[in-house]
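In what follows, a structure is listed as structure tokens, so that the remarks can point back to it.
We're numbering straight along the sequence, starting at 1. Order of listing sets the numbers, starting from 1, for every ligand and every atom in it. Values reported hereafter were calculated over all heavy atoms of this structure, with side chains retained and with hydrogens, waters and symmetry mates removed.
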Amino acid sequence: MRTIRLLVSILLVFALLALVGCGKSEPQQAVAPEPGQEAQAAADQSEVILFSWWTAGGEAEGLQALVDQFNAMHPQVKVINAAVAGGAGTNAKAVLMTRMMGGDPPDSFQVHGGAELLHTWVEPGLMQPLTALYDEQGWREKFPAGLIQIVSAGNEIYAVPANIHRGNVLWYNARLLADNGIEPPTTLDEFFAACDKLKAAGVTPLALSSRNKWPVSHLFETLLLGVGGPEFYRDLFAGKIAWTDERVKGALQALSKMVGFANSDHAALTWDQASGKLVAGQAAFNVMGDWAKGYFMTNQWQPGQDFGAIPSPGTDGMFIVITDTFGIPKDAPHAAMAREFLKVVGSAEGQTAFNLKKGSIPARVDAPADQFDQIAVRFMSDFAKDTLVPSCAHGSAVKERFATALSDELSVFIHKLDVDAAALALEAAAKDAGVRPE
Ligand code: GAL
């Protein structure tokens with residue numbers, strides 16, 4: 001039943017996604033090359049170069065769990081971790097582009113399903129098809145059809161999903177809420193009432209980071225969803241609603257108010273440093289994807305005890321979907337070993353080990369829930385029944401040009417706090433990027 005509901009709901013959201021356009025082993029024994037890849041398989045396979053931006057707490061451990069499983073299968077292959085630090089790929093995406101264009105591709109890289117994979121890498125013909133690997137591993141039945149759809153182009157599949165992250169999550173320090181007699185707030189009104197109370201008690205209500213632009217975009221898309229609901233959210237990113245709409249202005253007003261309740265040093269902090277303020281008891285709330293849970297747990301913070309999580313204000317029954325996938329560049333130097341790595345990524349064991357550390361839930365429909373914490377179990381059930389929408393801040397909802405313009409504009413907005421000017425600028429940027437009609 002869970003599987004059927006899961007398939008139906010994910011098909012719906014990813015149909016939308018499609019619309020918005022979004023040391024040495026014995027490789028000869030271990031490797032089953034794709035047709036046409038025999039030459040590469042015969043080449044040096046003594047190492048494998050993995051590219052990601054997973055260096056923060058939780059992220060790094062998740063990646064290591066995959067590497068450990070790979071190493072157990074291929075003890076003599078040297079894994080080169082070519083990660084570039086910076087949440088949401090702030091720095092990594094530019095480095096990857098340079099490597100890919102400069103003839104120095106990694107063997108496999110992390111990429112969000114949807115627009116980021118398909119527009120940036122598949123359409124220019126820079127990726128290897130993985131369809132034969134899917135068939136060999138029986139993966140077509142193991143991943144939701146809608147998820148396979150957003151890593152596919154034409155008749156070929158180009159990446160293996162490692163997880164499902166949830167974007168719209170309000171994290172809270174359980175002790176600070178209990179000490180101040182506050183129930184986890186489910187609406188924006190309740191959230192701001194809680195902020196008033198915390199501020200009066202001398203507690204910083206919200207941990208925010210804006211050293212990189214994306215955490216503000218991330219927060220803002222949760223507000224768009226909370227203020228306008230899923231249909232509005234989809235239509236807005238599909239270019240059917242103007243950015244001067246009252247609901248956009250309502251979300252901007254809410255963002256402005258949230259900035260007023262945030263730590264004053266947000267411009268100096270990265271996402272994990274902001275989450276760290278909860279661990280240190282220096283702030284009560286944080287809106288962040290569930291990679292924050294990976295960070296909390298790496299810091300020995302226990303879910304349901306030290307911290308809790310609920311859908312961000314106004315978004316109960318809604319789920320902002322973020323999926324990390326791995327693909328193989330066409331000219332990957334050790335492509336056969338990259339395929340061996342992808343076998344780990346797509347395996348039930350790999351997904352369990354990775355997601356237990358990463359904070360996300362497995363992308364495979366058959367992954368058992370029993371080892372996961374109560375927040376993950378709730379998010380598995382929500383994912384199966386909630387209304388799913390794609391993330392803009394994490395590469396799926398809209399073309400990169402507009403996503404970048406949006407985060408640029410918001411980084412101005414959080415200092416000027418001029419709602420009308422920001423709405424006009426966003427509408428102009430949407431037209432400029434071809435997201436809205438002229
Ligand atoms: C997201 C990515 C997550 C996590 C986060 C912070 O874009 O999907 O896996 O890494 O960035 O770095």
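Counting only distance, with no hydrogens or angles, the side chain of E221 and the backbone of H218 share no donor-acceptor pair below 3.5 Å.
Short contacts between ligand 1 and K358, defined as distances under 4.0 Å to a heavy atom of the residue, involve ligand atoms 3 (C), 4 (C), 9 (O), 10 (O). Shown in contact with W54 at under 4.0 Å from a heavy atom are these atoms of ligand 1, numbered in order with element: 9 (O), 10 (O). Per-residue contacts place W271 under 4.0 angstrom from the following atoms of ligand 1 (heavy atoms of the residue considered): 6 (C), 12 (O). Close approach to I322 involves these atoms of ligand 1, each under 4.0 Å from a residue heavy atom: 8 (O). The distance from ligand 1 to the heavy atoms of H112 drops below 4.0 Å at these ligand atoms: 1 (C), 2 (C), 7 (O), 8 (O).
Remark: ligand 1 and W214 share no N or O pair separated by less than 3.5 Å (distance only, no angle test). At least one N or O atom of A88, backbone or side chain, sits closer than 3.5 Å to an N or O atom of ligand 1. When only interatomic distances are considered, the shortest N/O to N/O separation between D324 and ligand 1 falls below 3.5 Å.
R140 forms no cation-pi arrangement with Y134, by the criterion of a distance under 6.0 Å to the ring centre and an angle within 45° of the ring axis.
The closest side-chain donor-acceptor pair between N263 and T204, if any, does not fall under 3.5 angstrom.
The nearest protein atom to atom 10 (O) of ligand 1, hydrogens excluded, is given as E59 OE2, 2.6 Å; this is a heavy-atom distance. Residue, atom and distance of the protein heavy atom nearest to atom 1 (C) of ligand 1 are H394 ND1, 3.3 Å.
Remark: of the listed residues W121, W214, W53, W53 is the sole one forming a ring-ring contact (aromatic ring centres under 6.0 Å, His included) with H112.
Residues F285 and F191 bring their aromatic ring centres within 6.0 Å. Aromatic ring centres of F326 and F109 lie farther apart than the 6.0 Å criterion allows. Here the two rings, on F296 and W171, have centers that are under 6.0 Å apart.
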